[in-house]
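All values below were derived from every heavy atom in this structure, side-chain atoms included, with hydrogens, water molecules and symmetry-related copies excluded. None of these values were measured; they are calculated from a predicted model.
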Amino acid sequence: MTIREIAGLLNAAVCSTDASLLNKEVEAAFGSDMMSDVLAYADEGSLLISGLLNPQVIRTAHMLDMPCIVFVRGKVPTKEILTLAEENHIVVLSTPLRMYATCGILYTAGLDR
Amino acid sequence: MEELLHYHFDVDGANFASAGEASVQVKRLLRQMGFSPDLIRRVSIAMYEGEINMVIHANGGDADIYMDPEQIRVVLKDHGPGIKDIALAMQEGYSTAPDNIRSLGFGAGMGLPNMKRYSDDMTVESTVGVGTTITLVFRSV
(Lines give C-alpha, C1' and ligand atoms only; values in the text may rest on other atoms or scores of the structure.)
Protein backbone atom coordinates (compact mmCIF):
# COMPACT_ATOMS: atom_id res chain seq x y z
CA MET A 1 0.00 0.00 0.00
CA THR A 2 1.48 3.41 -0.88
CA ILE A 3 1.65 6.33 1.54
CA ARG A 4 -0.63 8.24 -0.85
CA GLU A 5 -3.28 5.50 -0.53
CA ILE A 6 -2.91 5.52 3.26
CA ALA A 7 -3.46 9.31 3.36
CA GLY A 8 -6.60 8.88 1.25
CA LEU A 9 -8.05 6.07 3.38
CA LEU A 10 -7.51 8.07 6.57
CA ASN A 11 -8.67 11.41 5.18
CA ALA A 12 -5.28 12.62 6.38
CA ALA A 13 -3.51 15.87 5.69
CA VAL A 14 -0.06 15.46 4.18
CA CYS A 15 2.17 17.71 6.29
CA SER A 16 5.39 16.97 4.37
CA THR A 17 6.32 18.89 1.25
CA ASP A 18 8.25 16.25 -0.71
CA ALA A 19 5.47 14.68 -2.82
CA SER A 20 7.78 12.08 -4.39
CA LEU A 21 7.93 10.21 -1.06
CA LEU A 22 4.17 9.53 -1.23
CA ASN A 23 4.74 6.73 -3.73
CA LYS A 24 6.72 4.69 -1.21
CA GLU A 25 5.22 1.29 -0.40
CA VAL A 26 4.48 0.28 3.20
CA GLU A 27 3.94 -3.37 4.12
CA ALA A 28 3.46 -3.27 7.89
CA ALA A 29 2.27 -0.88 10.57
CA PHE A 30 2.72 -0.34 14.30
CA GLY A 31 0.48 1.79 16.51
CA SER A 32 1.66 3.08 19.90
CA ASP A 33 2.15 6.20 21.98
CA MET A 34 5.00 4.52 23.85
CA MET A 35 8.25 4.90 21.91
CA SER A 36 10.09 2.27 23.97
CA ASP A 37 7.52 -0.28 22.79
CA VAL A 38 7.95 0.85 19.19
CA LEU A 39 11.70 0.29 19.54
CA ALA A 40 11.10 -3.11 21.12
CA TYR A 41 8.42 -4.56 18.88
CA ALA A 42 7.95 -2.75 15.56
CA ASP A 43 9.23 -4.28 12.33
CA GLU A 44 11.73 -2.24 10.36
CA GLY A 45 10.18 -0.09 7.68
CA SER A 46 6.72 -0.12 9.26
CA LEU A 47 4.28 2.74 9.17
CA LEU A 48 4.18 4.36 12.62
CA ILE A 49 0.78 5.39 13.97
CA SER A 50 0.96 7.56 17.09
CA GLY A 51 -0.88 10.14 19.12
CA LEU A 52 2.32 11.30 20.79
CA LEU A 53 3.75 14.48 19.38
CA ASN A 54 7.40 15.29 20.12
CA PRO A 55 10.78 15.13 18.33
CA GLN A 56 11.54 11.72 19.83
CA VAL A 57 8.72 10.20 17.75
CA ILE A 58 10.63 11.23 14.61
CA ARG A 59 13.94 9.95 16.01
CA THR A 60 12.34 6.64 16.93
CA ALA A 61 10.97 6.30 13.39
CA HIS A 62 14.36 7.22 11.97
CA MET A 63 16.14 4.54 14.03
CA LEU A 64 13.75 1.91 12.64
CA ASP A 65 13.95 3.18 9.04
CA MET A 66 10.22 3.96 9.07
CA PRO A 67 9.12 5.88 5.96
CA CYS A 68 5.98 7.49 7.37
CA ILE A 69 4.28 8.59 10.60
CA VAL A 70 0.53 9.09 10.97
CA PHE A 71 -0.42 11.38 13.84
CA VAL A 72 -3.91 10.51 15.03
CA ARG A 73 -6.61 12.46 16.90
CA GLY A 74 -5.99 15.55 14.78
CA LYS A 75 -2.50 16.22 16.14
CA VAL A 76 -0.65 18.68 13.95
CA PRO A 77 3.16 18.55 14.09
CA THR A 78 5.13 21.66 14.99
CA LYS A 79 7.57 23.16 12.52
CA GLU A 80 10.49 21.75 14.52
CA ILE A 81 9.08 18.23 14.26
CA LEU A 82 8.34 18.60 10.54
CA THR A 83 11.84 19.85 9.81
CA LEU A 84 13.36 16.89 11.66
CA ALA A 85 11.12 14.54 9.67
CA GLU A 86 12.02 16.12 6.36
CA GLU A 87 15.74 15.93 7.12
CA ASN A 88 15.29 12.20 7.49
CA HIS A 89 12.91 11.75 4.53
CA ILE A 90 10.03 10.67 6.73
CA VAL A 91 6.53 11.57 5.52
CA VAL A 92 4.22 13.03 8.15
CA LEU A 93 0.43 12.62 7.92
CA SER A 94 -2.21 13.97 10.28
CA THR A 95 -5.63 12.34 10.52
CA PRO A 96 -8.62 13.48 12.57
CA LEU A 97 -9.38 9.79 13.28
CA ARG A 98 -8.59 8.10 16.58
CA MET A 99 -5.97 5.39 16.94
CA TYR A 100 -8.54 2.55 16.99
CA ALA A 101 -10.33 3.66 13.84
CA THR A 102 -7.05 4.40 12.06
CA CYS A 103 -5.73 0.90 12.71
CA GLY A 104 -9.06 -0.69 11.79
CA ILE A 105 -9.34 1.08 8.46
CA LEU A 106 -5.78 0.24 7.41
CA TYR A 107 -6.07 -3.36 8.59
CA THR A 108 -9.32 -3.88 6.68
CA ALA A 109 -7.77 -2.32 3.58
CA GLY A 110 -5.04 -4.96 3.60
CA LEU A 111 -2.26 -3.54 5.75
CA ASP A 112 -2.57 -6.53 8.05
CA ARG A 113 0.81 -7.08 9.60
CA MET B 1 44.71 -6.51 13.22
CA GLU B 2 43.08 -3.45 11.66
CA GLU B 3 43.25 -0.19 13.51
CA LEU B 4 40.20 0.76 15.56
CA LEU B 5 38.21 3.81 14.56
CA HIS B 6 37.08 5.80 17.57
CA TYR B 7 34.41 8.49 17.80
CA HIS B 8 33.41 10.45 20.87
CA PHE B 9 30.10 12.21 21.53
CA ASP B 10 28.97 14.35 24.45
CA VAL B 11 25.39 13.52 25.40
CA ASP B 12 23.70 16.71 26.57
CA GLY B 13 21.54 15.99 29.58
CA ALA B 14 19.81 19.34 29.73
CA ASN B 15 17.49 18.98 26.77
CA PHE B 16 15.22 15.99 26.22
CA ALA B 17 14.26 17.24 22.74
CA SER B 18 17.82 16.83 21.50
CA ALA B 19 18.32 13.37 23.05
CA GLY B 20 19.25 10.92 20.33
CA GLU B 21 21.41 13.26 18.28
CA ALA B 22 24.55 11.19 18.89
CA SER B 23 22.73 8.05 17.74
CA VAL B 24 21.62 9.81 14.58
CA GLN B 25 25.23 10.75 13.85
CA VAL B 26 26.45 7.23 14.54
CA LYS B 27 23.79 5.83 12.23
CA ARG B 28 25.01 8.16 9.48
CA LEU B 29 28.66 7.21 10.08
CA LEU B 30 27.92 3.48 9.96
CA ARG B 31 26.02 3.96 6.70
CA GLN B 32 28.95 5.80 5.14
CA MET B 33 31.22 2.96 6.18
CA GLY B 34 29.02 0.41 4.51
CA PHE B 35 27.98 -1.75 7.47
CA SER B 36 24.90 -3.93 6.86
CA PRO B 37 21.46 -2.33 7.36
CA ASP B 38 20.60 -4.90 10.04
CA LEU B 39 23.71 -4.09 12.07
CA ILE B 40 23.19 -0.35 11.65
CA ARG B 41 19.63 -0.64 12.92
CA ARG B 42 20.63 -2.71 15.95
CA VAL B 43 23.41 -0.30 16.92
CA SER B 44 21.22 2.79 16.44
CA ILE B 45 18.27 1.47 18.43
CA ALA B 46 20.38 0.24 21.35
CA MET B 47 22.48 3.38 21.47
CA TYR B 48 19.39 5.58 21.21
CA GLU B 49 17.84 3.83 24.23
CA GLY B 50 21.12 4.32 26.09
CA GLU B 51 21.24 7.96 25.21
CA ILE B 52 17.65 8.49 26.34
CA ASN B 53 18.51 6.77 29.64
CA MET B 54 21.51 9.04 30.18
CA VAL B 55 19.34 12.11 29.63
CA ILE B 56 16.49 10.87 31.83
CA HIS B 57 18.53 9.56 34.74
CA ALA B 58 22.04 10.98 34.69
CA ASN B 59 22.03 14.49 33.20
CA GLY B 60 23.90 13.23 30.14
CA GLY B 61 27.32 11.65 29.79
CA ASP B 62 29.83 10.37 27.26
CA ALA B 63 29.30 8.05 24.33
CA ASP B 64 32.34 6.40 22.72
CA ILE B 65 32.11 4.25 19.62
CA TYR B 66 34.92 1.92 18.54
CA MET B 67 34.64 0.29 15.13
CA ASP B 68 36.55 -2.31 13.23
CA PRO B 69 35.30 -4.54 10.42
CA GLU B 70 34.39 -7.36 12.82
CA GLN B 71 32.57 -5.47 15.54
CA ILE B 72 31.24 -2.21 16.88
CA ARG B 73 31.62 -1.40 20.55
CA VAL B 74 29.54 1.35 22.16
CA VAL B 75 30.56 2.58 25.61
CA LEU B 76 28.06 4.82 27.43
CA LYS B 77 29.42 6.40 30.60
CA ASP B 78 27.55 8.68 32.97
CA HIS B 79 28.08 10.19 36.41
CA GLY B 80 24.46 9.79 37.47
CA PRO B 81 22.97 8.18 40.57
CA GLY B 82 23.96 4.62 39.58
CA ILE B 83 21.78 1.51 39.47
CA LYS B 84 21.12 -0.12 42.83
CA ASP B 85 19.87 -3.47 41.58
CA ILE B 86 21.03 -4.21 38.03
CA ALA B 87 19.09 -7.49 37.71
CA LEU B 88 15.88 -5.67 38.63
CA ALA B 89 16.63 -2.83 36.21
CA MET B 90 17.09 -5.39 33.43
CA GLN B 91 13.52 -6.68 33.87
CA GLU B 92 11.05 -5.56 31.23
CA GLY B 93 8.59 -3.08 32.69
CA TYR B 94 10.69 -2.02 35.68
CA SER B 95 11.29 1.72 35.59
CA THR B 96 12.31 4.50 37.95
CA ALA B 97 11.65 7.23 35.37
CA PRO B 98 9.46 10.12 36.54
CA ASP B 99 5.92 10.53 35.18
CA ASN B 100 6.83 13.46 32.96
CA ILE B 101 9.17 11.16 31.02
CA ARG B 102 6.36 8.62 30.51
CA SER B 103 4.24 11.33 28.96
CA LEU B 104 7.07 11.78 26.44
CA GLY B 105 6.87 8.14 25.33
CA PHE B 106 9.68 6.63 27.40
CA GLY B 107 10.11 5.24 30.88
CA ALA B 108 8.21 2.03 30.16
CA GLY B 109 11.01 -0.07 31.58
CA MET B 110 12.11 -1.24 28.14
CA GLY B 111 15.35 0.70 27.75
CA LEU B 112 17.89 -1.74 29.21
CA PRO B 113 16.01 -4.84 27.92
CA ASN B 114 15.97 -3.31 24.44
CA MET B 115 19.69 -2.61 24.61
CA LYS B 116 20.29 -6.24 25.54
CA ARG B 117 17.92 -7.50 22.85
CA TYR B 118 19.63 -5.62 20.03
CA SER B 119 23.27 -6.13 21.07
CA ASP B 120 25.36 -9.31 20.97
CA ASP B 121 26.93 -8.61 24.34
CA MET B 122 26.07 -6.13 27.07
CA THR B 123 27.93 -5.29 30.26
CA VAL B 124 26.55 -2.98 32.95
CA GLU B 125 28.90 -1.62 35.60
CA SER B 126 27.33 0.68 38.13
CA THR B 127 28.14 2.16 41.52
CA VAL B 128 25.46 3.99 43.44
CA GLY B 129 26.37 7.65 43.79
CA VAL B 130 29.19 7.38 41.26
CA GLY B 131 27.69 6.47 37.90
CA THR B 132 27.05 3.81 35.31
CA THR B 133 29.02 2.49 32.37
CA ILE B 134 27.28 0.31 29.79
CA THR B 135 29.29 -1.48 27.12
CA LEU B 136 27.47 -2.86 24.09
CA VAL B 137 29.12 -5.09 21.51
CA PHE B 138 27.67 -5.73 18.06
CA ARG B 139 29.31 -8.29 15.80
CA SER B 140 29.18 -7.68 12.09
CA VAL B 141 29.53 -11.34 11.14
*Would you say Asn54(A)'s side chain and Leu104(B)'s backbone share a donor-acceptor pair under 3.5 angstrom?*
yes

*asked:* Just to be sure I understand the criterion: a residue of residues 16-28 of chain B counts if one of its heavy atoms is under 4.5 Å from a heavy atom of chain A. Which ones qualify?
replied: Phe16(B), Ala17(B), Ser18(B), Ala19(B), Gly20(B), Glu21(B), Ser23(B), Val24(B), Lys27(B)

*Looking at Pro37(B), Ala46(B), Ser44(B), Gly105(B), which has the largest count of heavy-atom pairs under 4.5 Å with chain A?*
Gly105(B)

_side-chain contact (heavy atoms from CB on, under 4.5 Å) partner of Met54(B), the single match among Thr132(B), Asp12(B), Leu76(B)_ = Leu76(B)

_Contact winner vs chain A - Gly109(B), Pro113(B), Ala108(B), Gly111(B), heavy-atom pairs under 4.5 Å_ = Ala108(B)

*Counting heavy-atom pairs under 4.5 Å to chain A, which of Arg41(B), Met47(B), Met110(B) comes out on top?*
Arg41(B)

*May I ask you to test the Leu53(A)-Pro77(A) pair for a side-chain heavy-atom distance under 4.5 Å?*
yes

*Should Glu92(B) and Arg117(B) count as an ion pair when the cut-off is N to O under 4.0 Å?*
yes

*Parallel, tilted or perpendicular for His6(B) and His8(B), by the 30°/60° rule?*
perpendicular

*Indicate yes or no for a side-chain donor-acceptor contact from Arg73(B) to the backbone of Val137(B) under 3.5 Å, with no hydrogens or angles considered.*
no

*Do any of residues 15-46 of chain A come closer than 4.5 Å to chain B, heavy atom to heavy atom, and if so which ones, in number order?*
Asp33(A), Met34(A), Met35(A), Ser36(A), Asp37(A), Leu39(A), Ala40(A), Tyr41(A), Glu44(A)

*Please report the shortest heavy-atom distance between Ser140(B) and Leu39(B), naming the atom on each side.*
CB-CD2, 3.8 Å

*State whether Lys77(B) and Asp64(B) are salt-bridged, where the test is any N-O pair (Lys NZ or Arg NE/NH1/NH2 against Asp/Glu carboxylate O) under 4.0 Å.*
no

*Between Gly107(B) and Ser95(B), which heavy-atom pair has the shortest distance, and what is it?*
O-OG, 3.2 Å

*Mind listing the closest non-hydrogen atom pair of Ile56(B) and Phe106(B) along with its distance?*
CD1-CB, 4.2 Å

*So, Asp120(B) side chain and Arg139(B) main chain: donor-acceptor pair closer than 3.5 Å or not?*
yes

*Under a 4.5 Å heavy-atom cut-off, does chain A meet the side chain of Ile52(B), its backbone, both or neither?*
side chain

